[in-house]
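What follows is a short report on a single structure.
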2 protein chains.
Amino acid sequence: MPTPTPARTASARSESIDSIQRELTAVARRARSVTAQIHPGLTLVTYTLLDHLHERGGCRGTDLAAHFLLDKSTVSRQIAALEKLGLVERTADPEDLRGQIIRPSAAGEQLLADVRERRHQAFLDRLVDWPDDDLERFASYLALYNART
Amino acid sequence: MPTPTPARTASARSESIDSIQRELTAVARRARSVTAQIHPGLTLVTYTLLDHLHERGGCRGTDLAAHFLLDKSTVSRQIAALEKLGLVERTADPEDLRGQIIRPSAAGEQLLADVRERRHQAFLDRLVDWPDDDLERFASYLALYNART
DNA sequence: CCTCTTTGGTTGTACTATGCAACCAAAGAA
DNA sequence: TTCTTTGGTTGCATAGTACAACCAAAGAGG
């Protein structure tokens with residue numbers, strides 16, 4: 001008589017994995033559709049550039065191009081667009097007169113803060129009625145999952 | 001003397017939530033960078049159209065346009081591109097001679113199967129050394145998280 | 001049975017995002 | 001000082017998209 005347990009376990013395991021794949025795919029899909037409409041006049045790319053400028057505390061266009069694997073001409077135009085919207089400011093690089101340090105303007109920082117606040121609030125809303133220990137375990141599962149390179 | 005416990009709990013809770021936000025954002029970002037390079041000659045849009053054709057077992061261009069909120073002209077050209085790549089086939093709709101039923105070709109189905117297999121394998125690899133009950137709990141957390149509309 | 005409207009699909013035109021190449025100006029090397 | 005490298009802008013070509021015009025088939029109303 002064959003042992004029934006291993007088969008049943010393997011099936012349950014596979015079901016869990018399939019479910020995780022489905023749900024994480026849904027997370028990614030939802031994230032994409034949400035970030036699609038960040039702010040009027042901002043595309044996903046320009047927003048990402050602006051966010052990176054904030055994270056780095058300002059940097060040159062070449063650095064952005066290298067980081068996002070974009071052509072420098074593309075970055076140049078996007079920065080020009082952001083500048084026209086009043087969301088970034090350029091200052092000459094004191095150490096290299098060819099370069100410009102690009103930074104979010106006050107309006108740019110405000111916009112980033114607003115978007116972050118909205119996104120964070122969305123997470124809070126989603127998790128509002130979760131018990132503390134479930135939150136903690138969920139967080140550790142996700143960390144473990146992402147830690148796999 | 002103020003009660004220290006609530007403050008400490010609130011902080012730990014906030015940390016868990018922040019961690020969940022960080023990790024789920026990372027999941028979405030990784031998904032985007034992976035799906036960016038699905039197959040030579042296929043963009044994210046054409047792949048998504050092809051996948052939907054498979055899911056629906058074939059449908060008309062108008063249905064695709066309605067589902068993805070694309071203009072029918074855009075769909076028409078993308079379908080033409082997919083056809084030129086040999087990934088879809090058109091057959092006249094027997095019930096309405098204006099319409100065409102578009103279906104993945106054998107090559108298209110093969111391509112979809114390959115991509116699915118690769119993606120599923122990536123999930124398997126990531127979760128290979130997880131105990132069964134952790135998988136199950138992780139899956140249920142994700143389902144619970146996504147269930148919030 | 002004949003028109004008029006609706007609907008599925010294609011094609012022309014315009015706009016945007018992007019990459020490549022050419023160019024300019026400043027920095028650095030020989 | 002001259003030559004090469006580097007940060008940035010601009011000209012050009014391409015791809016994806018929407019809108020509008022158009023065609024052909026279906027359906028409605030007389």
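So that the names make sense, note that chain A is the first sequence line, chain B the second, and so on, each numbered from 1.
- With no hydrogens or angles considered, no side-chain donor-acceptor pair links A/S73 and A/S76 at under 3.5 Å.
- Note on B/V75: nothing from the nucleic acid sits closer than 4.0 angstrom, heavy atoms only.
- For B/E136 against A/S16, the heavy-atom pair with the smallest separation is CA-OG, 3.7 Å.
- With distances taken from any side-chain atom of B/Q100 to the nucleotides C/dT10, D/dT9, C/dG19, the minimum falls on C/dT10.
- Comparing D/dG8, C/dG9, C/dG19 against the side chain of B/K72 picks out C/dG9 as the nearest.
- Between B/T74 and D/dG16 there is no side-chain polar atom (N or O) within less than 4.0 angstrom of OP1 or OP2.
- Remark: P of C/dG9 and CD1 of B/I101 are 8 Å apart, rounded to the nearest angstrom.
- In the model, A/N146 has a side-chain atom that pairs as donor or acceptor with a side-chain atom of B/R30 under 3.5 Å.
- In terms of phosphate contacts, B/T62 brings a side-chain nitrogen or oxygen within less than 4.0 Å of OP1 or OP2 of C/dG9.
- Distances from the side chain of B/S73 to the nucleotides C/dG19, C/dT11, C/dA27 place C/dT11 closest.
- For the pair A/Q78 and C/dT16, the criterion of a side-chain N or O lying under 4.0 Å from OP1 or OP2 is not met.
- When the nucleotides D/dG16, C/dG12, D/dG8 are ranked by their closest atom to the side chain of A/R60, D/dG8 comes out on top.
- Taking atom CD1 on A/I79 and atom P on D/dT10, their separation rounds to 14 Å, with Å as the unit.
- Using a 4.0 Å cut-off, some side-chain N or O of A/R90 falls inside it from OP1 or OP2 of D/dT9.
- One finds a side-chain N or O of A/S76 lying less than 4.0 angstrom from the OP1 or OP2 phosphate oxygen of D/dT9.
- Residue A/D96 contributes atom CG, which lies 7 Å from atom C1' of C/dA26 at whole-angstrom precision.
- Remark: B/R137 fails to qualify as a cation-pi partner of A/Y141 under the 6.0 Å distance and 45° angle criteria applied to the six-membered ring.
- Between the side chains of B/T43 and B/T46, a donor-acceptor pair is found at a separation under 3.5 Å.
- Atom CG of A/L97 is separated from atom P of C/dG28 by 10 Å (rounded to the nearest Å).
- Between B/R98 and D/dA26 there is no side-chain N or O to OP1 or OP2 distance below 4.0 Å.
- A/R77 has its CZ atom 10 Å from the P atom of D/dT9, to the nearest Å.
- Remark: C1' of C/dG8 and CD of B/E95 are 15 Å apart, rounded to the nearest angstrom.
- Taking atom CD1 on B/I102 and atom P on C/dT10, their separation rounds to 7 Å, with Å as the unit.
- Separating the CG atom of A/L64 from the P atom of D/dT9 is a distance of 12 Å, rounded to the nearest angstrom.
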